[in-house]
Q: 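Take a look at the following structure, please.
What you see is a predicted model; the values in this text were computed from it and never measured. Numbers restart at 1 for each chain; the letters A, B, ... are given by sequence-line order, proteins then strands. Values below: all heavy atoms of this structure, side chains included; hydrogens, waters and symmetry mates excluded.
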Amino acid sequence: MQATRSIRLPRKLSACRLIHNHSILRSSDPSGRTTSFGFRTVPEESKESLVKGVFDSVASKYDLMNDASSLGVHRLWKDSFVDTLKPGRKGPLRCIDVAGGTGDIALRILDHARENYADRETTVEIVDINAQMLKEGFTRFKKTMYHNTPQVSFHEANAQELPASQFKNDSYDLYTITFGIRNCTSIPAVLSEAYRVLKPGATFACLEFSKVNNPLLSTLYDQYSFTVIPLLGTILAGDRDSYQYLVESIRKFPSQPEFAQMIRDAGFTTGGNFDGGAWTELWGGIASIHTGVKI
Amino acid sequence: MYGSCRRTHIRWDSVINTSQARSFVALAASPRSSSHATNRKSRSVHTNSRLQPAYSGHIPLTPFENGFLAVGSALMSLIDTRRADMVAACGETTAGSTLVKLRDIMLESPEGRRILREMPRINSQTLELEKLRSLPENTFGRAYVGWLDTCKVTPDSREPVHYIDDPELAYVMQRYRETHDFYHALFGFKVSALPELALKAFEFSNLGFPMTALSLGASIRLKPPQRARLWGEFVPWAARCGSHTRCLLTVYWEERWGQDLDEMKKEFGVWDPPAGITIPRPSRVNFP
């Protein structure tokens with residue numbers, strides 16, 4: 001497993017770049033803008049409902065499928081992610097975990113703060129566009145000590161348009177989004193909302209599948225993804241199509257340098273444009289942690 | 001032929017001309033691109049197999065994928081016996097040459113040839129259930145509807161075929177799945193675990209699908225007295241009865257709604273199973 005380093009910004013902060021519109025989205029058709037839904041090209045307006053359909057369908061078996069398809073490794077990645085962020089080290093945080101439906105990250109954040117820093121004031125607001133996923137998260141949290149406390153709350157909202165009345169400007173210390181941003185129709189919109197709601201000095205952190213650069217690993221990974229995962233979806237969840245979409249959407253996501261640039265375009269300051277700087281690769285690039293700071 | 005009840009059945013594809021009537025509708029889309037509607041169910045399939053989808057719902061699999069799914073679906077059917085889609089997948093991935101043998105048997109009988117030519121489907125649109133309810137008491141059609149009502153099932157719940165590459169063999173598989181309920185009606189089997197396993201034993205003896213034999217492995221989930229009855233009484237009945245009769249896939253059930261049930265059993269050479277897993281005979285039950 002690739003060693004992960006704690007995020008340290010270089011002393012000379014890289015300059016904040018102007019927001020250019022290097023749009024990674026598919027170029028618009030004359031008839032309207034299109035985007036990718038896995039390997040398919042669909043009208044932009046319909047991606048949201050298609051993704052909703054996928055997650056309505058997978059919600060009840062989501063955690064089981066995560067364990068089966070990653071052979072449990074996703075837990076290591078999420079542990080790594082939260083350990084990198086060290087929530088609670090500098091006092092209680094107000095966190096927002098977006099696309100956090102089933103509560104994996106939120107729970108880890110709260111546990112990390114509690115176990116390492118005896119912090120019971122850190123709060124996490126779990127935001128997800130899909131009510132079924134939130135329901136799964138709510139049920140999981142009922143089994144923990146955080147249920148019915150102000151430390152966790154659940155909100156149904158769109159990451160691209162967080163309602164300004166509820167999610168005010170400059171109000172959060174930590175914004176996390178884990179394995180969710182590739183399902184959003186417009187990544188720049190999500191990033192600019194993240195920029196809006198974070199306080200100055202606060203951190204944006206994203207854990208997402210990324211490009212594997214090693215050709216041998218990449219071949220094995222592709223074989224596994226396109227052969228085993230849809231079959232596991234068929235067997236465990238009775239749903240091949242949703243898992244087909246999920247593995248295809250990983251291939252469509254921008255590469256690590258491209259995504260880091262998008263983060264900078266939204267106004268964040270990141271580390272250098274290399275592995276260990278703006279992002280940290282896990283397991284050869286199968287997943288990566290991208291971070292940025294709002295200066 | 002028997003009775004005046006004309007069946008209405010939807011031709012599997014009404015677009016293709018008669019000389020090609022035996023194929024499923026070929027999907028023209030290649031696996032990697034689709035300009036179809038965004039309905040998730042109709043999206044094109046990406047698999048590692050080099051085959052193109054040959055009919056609606058076809059998911060071509062490589063040999064490794066086929067084996068993986070065979071093992072996985074068998075295990076899942078055992079773990080969660082309500083997963084009918086897993087039983088279906090197990091049947092398809094383990095079918096092997098059984099479908100070829102069955103198709104050839106169908107081709108050897110005039111009735112079977114008619115089935116393969118016309119490719120009738122069985123669902124609530126193609127069956128006129130009300131008409132069947134009005135048939136005389138001891139007819140096959142009446143017994144079938146009576147069984148549907150008693151056991152509270154519909155003819156609509158069958159999973160479509162996905163993993164058989166040849167369209168004609170896929171139809172044979174689909175026909176088997178859809179006529180399974182007719183075997184229930186013929187003998188009056190209930191729908192709980194023990195009768196279903198007894199019927200699977202009969203199907204193995206009559207048709208030969210490996211999955212039907214594998215499914216008898218699920219008998220470990222029965223209570224010991226039921227298991228003893230299954231192996232002691234019903235499996236011997238199934239072995240004798242199933243091998244004694246003609247291949248039931250050659251029966252054009254939709255032509256026989258008005259046929260008397262006892263006469264039908266005599267024609268096929270089958271006899272009722274031991275008591276305990278069947279619903280009462282239609283003539284003795286008053287339906288509203």
Q: Within this structure, what is the CG-CG distance for the pair A/Leu231 and B/Asn66, rounded to the nearest 0.5 Å?
A: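 Here the rounded value is 9.5 Å.
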Q: Give a yes or no on this: more than 12 heavy atoms of other residues, nucleotides or ligands lie within 6.0 Å of atom NZ of A/Lys135.
A: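 No - once you tally the heavy atoms of other residues, nucleotides and ligands closer than 6.0 Å, there are 12 at most.
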Q: If you measure from CG on B/Asp80 to CD1 on A/Ile235, what distance do you get to the nearest 0.5 Å?
A: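 Interatomic distance, B/Asp80 CG to A/Ile235 CD1, rounded to 0.5 Å: 13.0 Å.
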Q: So with a 6.0 Å cut-off around NZ of A/Lys52, is the heavy-atom count from everything else above 12?
A: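 It does not: A/Lys52 NZ has 12 such atoms or fewer within range.
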Q: Rounded to the nearest 0.5 Å, what separates atom CZ in B/Arg83 from atom OG1 in A/Thr234?
A: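 Atom-to-atom, B/Arg83:CZ and A/Thr234:OG1 are 9.0 Å apart.
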